Amino acid sequence: DIVMTQTPLSLSVTPGQPASISCKSSQSLLHSDGKTYLYWYLQKPGQSPQLLIYEVSSRFSGVPDRFSGSGSGTDFTLKISRVEAEDVGVYYCMQGIHLPITFGQGTRLEIK
Amino acid sequence: QITLKESGPTLVKPTQTLTLTCTFSGFSLSTSGVGVGWIRQPPGKALEWLALIYWNDDKRYSPSLKSRLTITKDTSKNQVVLTMTNMDPVDTATYYCAHILGYCSSTSCPGVWFDPWGQGTLVTVSS
């Protein structure tokens, strides 16, 4: 199975400041079709996960442009340019290139 | 608007079989390319993918749980059912179903993501 490792496991950010979450996969997520299948989800408190980013850097419908994704191969990053109070929750990366689909252990974002 | 809702027992005893139903609206599992997946989350822990099923009745299972899982669909009722045998306290978790676009082959799921998810249902395994 592909292991997804996120760092940090938690972070506390002042509103208006940036935040960055790293996700590293144990194998390359680059598919033979040239695309890289890395996704980011946010699980807000008491809610189900919601898709933020697909294929490394594409924002899903309705996701604010303060969220951005980058990376390649095995190293990926989710950045929030200016954290807002509504961004609190647990962020998960997910890979879909190899079955079984696997998720990172999650990164909890809190507001200072 | 796509919505999904999980239902089933909140408490099961060890060794029992769990049966969960995902009832959805806003899409049809008879439409090409459409699927439904199950994911679980133990309290305070990370997400774990369990199984998925497609419009054409293709099914994929997590290898670590494959011997215990069965996923089926009832297209006429807009439902997907997941059964898990031989339940253990470590299976205590919130179980989610989710809508899928994109197709998983037997080894890979390029372009497959889960959206939206149901609200989840907490299943506790205890005697």
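Side chains included, hydrogens not; waters and symmetry mates left out as well; all remaining heavy atoms used. Since the model is a prediction, treat every value here as computed from it, not as a measurement.
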Item to check | More than 12 heavy atoms of other groups within 6.0 Å of K35(A) NZ | outcome: no
Checklist outcome for this item: When rounded to the nearest 0.5 Å, the distance separating CZ of F60(A) from CH2 of W113(B) is 6.5 Å
Next on the checklist: Would a single hydrophobic cluster contain both L51(A) and V112(B), if residues Ile, Leu, Val, Met, Phe, Trp and Tyr are joined by side-chain heavy-atom contacts under 4.5 Å?
Outcome noted: yes
Checklist entry - Given that the side chain runs from C-beta out, which part of P116(B) has a heavy atom under 4.5 Å from chain A: side chain, backbone, both or neither? => result neither
Checklist entry - Are side-chain heavy atoms of T102(A) and W49(B) found at a separation under 4.5 Å? => result no
Item to check | Side chain to side chain, H31(A) and S108(B), heavy atoms closer than 4.5 Å | outcome: yes
Next on the checklist: Set out, in order, the CA-CA distance, both residues' side-chain angles and the distance that settles side-chain hydrogen bond (donor to acceptor under 3.5 Å, both in side chains) for Q47(A) and Q119(B), then state yes or no.
Outcome noted: CA-CA 7 Å; Q47(A) 296 185 20; Q119(B) 64 188 29; over 6 Å; no
Item to check | Residue pair L52(B) / I101(A): nearest heavy atoms and the distance that separates them | outcome: CD2-CD1, 4.4 Å
Item to check | W117(B)/Y41(A) under ring pair (Phe, Tyr, Trp, His ring centres under 6.0 Å): CA gap, chis, key distance, verdict | outcome: CA-CA 11 Å; W117(B) 298 48; Y41(A) 290 84; 5.7 Å; yes
Next on the checklist: With a 4.5 Å cut-off on side-chain heavy-atom distances among I, L, V, M, F, W and Y, is there a chain of contacts connecting V80(B) to Y54(B)?
Outcome noted: no
Checklist entry - Can you get from L9(A) to I80(A) by hopping between Ile, Leu, Val, Met, Phe, Trp and Tyr side chains that sit under 4.5 Å apart? => result no
Item to check | chain A contact via T94(B) - side chain, backbone, both or neither, heavy atoms under 4.5 Å | outcome: neither
Item to check | Smallest separation among heavy atoms of L99(A) and R60(B), with atom names | outcome: CD1-CD, 3.9 Å
Next on the checklist: If I measure from the heavy atoms of chain B, does Q95(A) come under 4.5 Å with its side chain, its backbone, both, or neither?
Outcome noted: neither
Item to check | Region of L50(B) in contact with chain A, defined by heavy-atom distances below 4.5 Å | outcome: neither
Item to check | Minimal non-hydrogen separation, P100(A) against P63(B), with atom names | outcome: CB-CD, 3.7 Å
Checklist entry - Going only through I, L, V, M, F, W and Y residues with side-chain contacts under 4.5 Å, is there a path from L82(B) to W55(B)? => result no
Item to check | chain A contact via S106(B) - which portion, at a heavy-atom distance below 4.5 Å | outcome: backbone
Next on the checklist: Does R108(A) have more than 12 heavy atoms from other residues, nucleotides or ligands lying within 6.0 Å of its CZ?
Outcome noted: no
Item to check | Neighbour count >12 (heavy atoms, 6.0 Å) for atom NZ, K44(A) | outcome: yes
Item to check | Distance-minimising heavy-atom pair for Q41(B) and Y92(A) | outcome: NE2-OH, 2.9 Å
Item to check | In one Ile/Leu/Val/Met/Phe/Trp/Tyr side-chain cluster, 4.5 Å: L18(B), Y96(B) | outcome: no
Checklist entry - Parallel, tilted or perpendicular: which fits the ring planes of F103(A) and F114(B), with parallel below 30° and perpendicular above 60°? => result parallel
Item to check | Greatest number of heavy atom pairs closer than 4.5 Å to chain B - which of G106(A), G46(A), P49(A) | outcome: P49(A)
Next on the checklist: To the nearest 0.5 Å, what is the distance between CD on Q43(A) and CG on L47(B)?
Outcome noted: 6.0 Å
